[in-house]
Number of protein chains: 6
Amino acid sequence: MIAPTPQMLRGIVRRALDEDIGRGDVTTQSVIPAEATCGGAIVIRSPGVVAGLEVARLVFHEVDPSVEFRGKAADGEAAERGATVAEVAGSARAILTAERTALNFLQRMSGIATLTRRYVAAVQGTNARILDTRKTAPGLRCLDKWAVALGGGANHRFGLYDGILIKDNHLRIAGGTAPAVAAARRGGPHGLSIQVEVETVGQAREALDAGADALLLDNMAPAEMREIVELARGRALTEASGGVKLENVRAIAATGVDFISVGALTHSAPALDIALHISL
Amino acid sequence: MIAPTPQMLRGIVRRALDEDIGRGDVTTQSVIPAEATCGGAIVIRSPGVVAGLEVARLVFHEVDPSVEFRGKAADGEAAERGATVAEVAGSARAILTAERTALNFLQRMSGIATLTRRYVAAVQGTNARILDTRKTAPGLRCLDKWAVALGGGANHRFGLYDGILIKDNHLRIAGGTAPAVAAARRGGPHGLSIQVEVETVGQAREALDAGADALLLDNMAPAEMREIVELARGRALTEASGGVKLENVRAIAATGVDFISVGALTHSAPALDIALHISL
Amino acid sequence: MIAPTPQMLRGIVRRALDEDIGRGDVTTQSVIPAEATCGGAIVIRSPGVVAGLEVARLVFHEVDPSVEFRGKAADGEAAERGATVAEVAGSARAILTAERTALNFLQRMSGIATLTRRYVAAVQGTNARILDTRKTAPGLRCLDKWAVALGGGANHRFGLYDGILIKDNHLRIAGGTAPAVAAARRGGPHGLSIQVEVETVGQAREALDAGADALLLDNMAPAEMREIVELARGRALTEASGGVKLENVRAIAATGVDFISVGALTHSAPALDIALHISL
Amino acid sequence: MIAPTPQMLRGIVRRALDEDIGRGDVTTQSVIPAEATCGGAIVIRSPGVVAGLEVARLVFHEVDPSVEFRGKAADGEAAERGATVAEVAGSARAILTAERTALNFLQRMSGIATLTRRYVAAVQGTNARILDTRKTAPGLRCLDKWAVALGGGANHRFGLYDGILIKDNHLRIAGGTAPAVAAARRGGPHGLSIQVEVETVGQAREALDAGADALLLDNMAPAEMREIVELARGRALTEASGGVKLENVRAIAATGVDFISVGALTHSAPALDIALHISL
Amino acid sequence: MIAPTPQMLRGIVRRALDEDIGRGDVTTQSVIPAEATCGGAIVIRSPGVVAGLEVARLVFHEVDPSVEFRGKAADGEAAERGATVAEVAGSARAILTAERTALNFLQRMSGIATLTRRYVAAVQGTNARILDTRKTAPGLRCLDKWAVALGGGANHRFGLYDGILIKDNHLRIAGGTAPAVAAARRGGPHGLSIQVEVETVGQAREALDAGADALLLDNMAPAEMREIVELARGRALTEASGGVKLENVRAIAATGVDFISVGALTHSAPALDIALHISL
Amino acid sequence: MIAPTPQMLRGIVRRALDEDIGRGDVTTQSVIPAEATCGGAIVIRSPGVVAGLEVARLVFHEVDPSVEFRGKAADGEAAERGATVAEVAGSARAILTAERTALNFLQRMSGIATLTRRYVAAVQGTNARILDTRKTAPGLRCLDKWAVALGGGANHRFGLYDGILIKDNHLRIAGGTAPAVAAARRGGPHGLSIQVEVETVGQAREALDAGADALLLDNMAPAEMREIVELARGRALTEASGGVKLENVRAIAATGVDFISVGALTHSAPALDIALHISL
């Protein structure tokens, strides 16, 4: 699993704090004495997979490096309703100012990890791995994808720069599969594999003949997927995509595909309910 | 309705594009000829309220100012399944490179606007207005809140800087309602109203006596809310919060509160299904 | 009093140092040995209210975290001519490089605090509080307003985003007081009070009827102010503005207004004379 | 005269607008219709030298490039009370949002230019040129120095990086004038002249013998200045500094010094009174 | 060939101009009248491959968008001594201010393209392609690699993020080839190929058995390379690296390797001699 | 010698690391255990002057502040083939991730310092000092010039802002030497010396008469240089420039010029061969 770099995390956390605090937390600064201290427990209010504790730690640290943050669970762990996953202690002003931003990160990442874990469980025992997509919240891709990995999923490419995926529209404009794959091989940087989107068995055959390293099976019936999986064995990886739901994911996995990508993991996961309980 | 400033939009769009494109769209650059052009239609695939067209326009514009973007619907309009809400035309490279980022914004904002519209419809005819919270995706608050407004909701404060909200924990640390409100009045900047969170009728009475401009009724039974609404009439605004669902929102509105705030609008709205159909 | 956030302070201090040091302090780097150390006393050379010590501390810290900075007075304290308000000790290069920038902050902020204290003293015993405006040095608003607060004044809104102030020109374009206030109530974010500028008693009446939370009395004669103060009692706060001088401020305060705003505090306060005395 | 680069101006203007507008001008956005237009005249309300028109133009342009800005006077021109120095026309929202920031720049720069012009007039007919210092508002040095130049003054070095000025404290730590000048000559970059601060005729002699290109005469009596001017003739430039006031500046100039530097130009100039008159 | 994105180019060009111009081109601003115009020809003074014209165009454009820049050759073209590769016309101040920065880009990129072209010519007719490395000037990688591509070379991965290259030291710490490749396959993102550095035929065999997509042959004798090329045929790509010189590159290519990477292309290419001839 | 400021160094190092690491070092993160540690020796593989150790230290520190970096040589020292100039110890992930960036800085700076040392040696015993130019890698000027100083050379101006150099083209547009020098004297900031480029003895005479502080002798024959050196003695410094090579630099120095500037120091110095040897 590849976590975001410290630089990326810091940038995201600072922007989030700046967005929320702006020129100052006027309530806390005017109502809470500078010297007041308190403790707090971060509590899961509905069962799920916790993710984002390291981000929450950084949020409190950025607001005030002297706030103590003690993880009581690890990112990627399943937590019961009522479980305390972290404790904080220190300046009351800092803790109250950081609270909402820390929870916003935790709730979103835990929501994604929780939904991913359900998909992963649904395909357990098959060959298929659950994969994310680029359908992430703008500016939060590295966290969204980290949450997927913490939920047990695998990461697809991170952007348009670190993987070649020749889609339907590329093929139409490029004038066919063979010239498109050849152009990508010649012009793309050495080190990226080439994946081609296909909608029929015939297209899959073309893509394999053109030397594709992986196939993206777009919205295909299980029978067709199965046929392509056979064709591709030993020559290219296969990924099913489109219309994937918890109800049908196991049937798709049963076709033998290597990967199943699910946009909903990152664009429609409901937040996990998490709260900060303050103790004086 | 207060839309984000051009500066804020531009910053968010540029970061999103940078995150996705990084050092270059290796597929498009190697496979699509520089001079190729295409058209595209942005199509709604499940009914909802469209929001984010102005952001999508900016995404295409930032990738290539010569791409033409024609809105066929306005932000805040309800759209049927299959409706085309915008068309693009121009450089095929630019359109394919911008596609995912534009859709990510549109899908998120339209999802929020669509859910908000359902809450607004549920309280229609009552005094209550649906309000958002600070439970937004980090870095995207101005878009999340814009989407709420486009869906018909009202905006609460944007951050810790532009509204004084004295919560339970502030009251406990500050040593009571009267000193907390007095401190906020004295120390907060002139121009912000003061809202106090209350959990009982007694606390509401205290807050009103202390001169609060608004009350936040936290997770309260309808009967209690009703009683406080009576007490506050002509003295302070009332806002219900906590545990609000589509199923119970109308019952809450019936208590006579001025506002009902709903965190789920921005932390758990599923994305609206929207696609770009390319035409050569 | 709401001090600037650490992030804002750091940004301002870094830009100031960058502006002064650029690619390097060529005198100090070439003339002073790297290992030389010295002490220094920050001395007030004309009596006044000291403000900006925390900013000065940060300036030295940013240039070299090992420089020791000991405050001998607190921000907001009155200092006699000759008083030492802080001492520094450490690297001679760092101290000489930071000197001018630290003093520039101190002199400006202390100048503002000193002038504010004179206005505050002039209205002592009345109901009126001295208020700042948005007439600040571009980029330094949070320091200018902090200095006003340290001098004993109160802060008006910080920008166009955290307070609604409907001025003469807004009223003319919006087509009158009632529609303008209604539009602000409906479209502005929940949490901001609404202030209306008035030039006559009649306008004040209209604004009160429209539900304004505060009135800005622009360049008005004391008799009129007195009349409006009566009208507004218990309904809205009153602020006098325009043409305020040390000579007439007490007469204005005597009208019973809640606030008197003074642009000169931040746009025309002369710098306080402050120096750094180096000791080897 | 060396105006700030477009990059510097743009950075300063954007930061100023961001500071004032933040997440949006809530009054104007909610009260003024998007399609409303207006005109405006920038009017001088007390006589002085106008400076900052080009900055004001940029402020309006940054808020909305379609606002028309017509200069009716040139930066550096003297203006009578009541003179219109520029006119604007366009979107009412844009003009009202930009107003305060544009005026803040104009008032500060015109205040500096006006005070400079008075000093320049006071030494007219002598050899001396009025010079600014590094005692500027942090972050605004390039504007403060530009205003001095527009007022008829000359610019000293812009920062610690583009001029070598060996002050009293450098000399003490470096162990004397000769070694200090030699170190600066050897270690400083080729292209900068070397100025040495002196407090006595003896020190001036030492500095000249050490090869200084210029002398800074710190707080010296006229007789001494005169003596040093004689010594330095043809060998080094002379600059008087410290305790300069409008009352004594001509006497100082009469000593024959080449430059007189005045910190008050930039740290204590009162703002010039300038307003924007809106016309519908 | 994948050119840098407009965003990357603009960032690099602005930083370069800022570095050179700083607070202003004091010579040009004081000596050249604002209204003066001139023309200029960019002339190659020793034969080579021109690269960087599009960057130079952007340099002039950033300094002054009204300067006209006409390419007379295309990036990647070979130019004779004395050839004019571009002409500029417009503001004399802008052209003189931009001159050095534009030439610095052109000279560096053309130097790299010219050296690359010599390596490419040396292996002409063999299977091998010349490849760059990550040994680039810090901050200029996208230009250095673009210049290699313009010279006819191919691009290796752009950074540590878009290609998996398991080197000697990774293998030692990871405990062998098989576990390292398995870990990369499991933990790395889907879409990147896996390359393994080998120093012996035995190691190459291990890497192939572990499923490596490509082998890096480090400082190997031709006979060994040949043997590994045979082993890898149809299973993995081969790249020779280390100690490559113009004198021995053809012998290396003759071993049948797919790629030969040459650090000197970007860390030791001498600048091509290019000048700007001004015409009034 | 004037080293870059910590701020400049940090900015350059962070950009370089960001360029190389991007969204993460996928090899190291997936293959190397988080807890693995190692040591490393930075070894010179061909004799030269080491430069950039302080930059390399910062690179490792930025990636992981807990990595220990021990210099075994000082910047500016000559090192034999095989010499260890620094050692690192700590997290294996951090060391492997930082390696290439650290070496890229070291190799470039040491290459420049090594070439400079050869020029300096070639003129030893003469009056002339070797000077750098503005022909540096864009964005790296402060490092390139630091490396020249570490190699024993002197620094010319750092940019267009900190030295006045009136070149041939300025003179032609300004209408002659006398008006150009006068304009620079009047309009340029106080504190910069004025250098004039000359191509003939006649022009040198004009420049001296106009009061130039230094002359740039462009591509001149030794006899002419000698004549100008005589003319300028005691009046202006002289700098030879253009066509300088290791073969002819001593002959140029023998003319008595004060400075000889060499563009090749920074635009064509080959990298010094330096490696990191890892030890487990």
Side-chain angles (χ1 to χ4, degrees), chain B residues 1-5 7-8 128-134 141-142 145-146 148-150 152-166 183-197 211-216 234-241 257-261, chain C residues 1-5 7-8 128-134 141-142 145-146 148-150 152-166 183-197 211-216 234-241 257-261:
Chain B
M1 179 185 320
I2 300 181
T5 63
Q7 283 69 13
M8 293 169 77
R129 295 193 65 189
I130 298 300
L131 208 57
D132 55 25
T133 65
R134 285 166 46 239
R141 182 165 294 163
C142 68
K145 286 188 167 256
W146 194 16
V148 166
L150 289 167
N155 291 147
H156 211 307
R157 61 177 177 168
F158 268 65
L160 295 166
Y161 58 89
D162 70 340
I164 296 176
L165 173 40
I166 306 176
R185 191 71 76 197
R186 195 178 52 244
H190 178 43
L192 303 184
S193 69
I194 296 179
Q195 183 171 23
V196 177
E197 187 184 55
D213 300 307
L215 303 180
L216 181 76
R235 298 171 68 191
L237 294 167
T238 51
E239 171 189 344
S241 175
V257 292
D258 298 297
F259 295 102
I260 303 172
S261 57
Chain C
M1 180 183 323
I2 300 182
T5 62
Q7 282 71 15
M8 292 168 80
R129 298 192 63 188
I130 298 299
L131 207 59
D132 54 26
T133 65
R134 286 165 46 239
R141 181 164 294 162
C142 68
K145 286 188 167 256
W146 193 17
V148 166
L150 289 166
N155 291 147
H156 211 305
R157 61 177 177 166
F158 268 65
L160 295 167
Y161 58 87
D162 72 339
I164 295 175
L165 174 40
I166 306 176
R185 191 70 77 198
R186 193 176 55 243
H190 179 42
L192 303 184
S193 69
I194 296 177
Q195 183 171 23
V196 177
E197 186 184 52
D213 300 309
L215 302 180
L216 181 75
R235 297 170 69 189
L237 294 168
T238 51
E239 170 189 346
S241 177
V257 292
D258 298 296
F259 294 102
I260 302 173
S261 56

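On a predicted model such as this, the values are computed, not experimentally measured, just so you know.
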Check your understanding: Taking the six-membered ring for Trp, are Tyr161(B) and Phe158(C) ring centroids under 6.0 Å apart?
Key ->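 No, the ring of Tyr161(B) stays outside the 6.0 Å limit from the ring of Phe158(C), centre to centre.
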Check your understanding: Does a side-chain heavy-atom distance below 4.5 Å link Asn155(B) with His190(C)?
Key ->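 No - every pair of side-chain heavy atoms lies 4.5 Å or more apart.
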Exercise for review: For chain C, find which of Ile164(B), Leu237(B), Leu131(B) contributes the most heavy-atom pairs closer than 4.5 angstrom.
Suggested key: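 Heavy-atom pair counts peak at Leu131(B).
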Check your understanding: Looking at Lys145(B), Gln195(B), His156(B), which has the largest count of heavy-atom pairs under 4.5 Å with chain C?
Key ->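 Maximum pair count with chain C is reached by His156(B).
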Practice item. Scan residues 185-194 of chain C for pairs that pass salt bridge (charged side-chain N to carboxylate O under 4.0 Å, His left out), counting only residues two or more places apart or in two chains. Key: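 Counting only pairs at least two positions apart or across chains, the salt bridge (charged side-chain N to carboxylate O under 4.0 Å, His left out) contacts touching residues 185-194 of chain C are Arg185(C)-Asp213(C).
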Review point. What heavy-atom pair brings Ser193(B) and Leu192(C) nearest, and what distance separates the two atoms?
Key: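 Scanning both residues completely, I find the closest heavy atoms to be OG-N, 4.2 Å.
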Check your understanding: chain C heavy atoms under 4.5 Å from Leu165(B): which part of the residue, side chain, backbone, both or neither?
Key ->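 When you check distances to chain C, no heavy atom of Leu165(B) falls under 4.5 Å.
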Point to revise | Under 4.5 Å from a heavy atom of chain C, the part of Ile194(B) involved | key: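 Contact with chain C involves no heavy atom of Ile194(B) at all.
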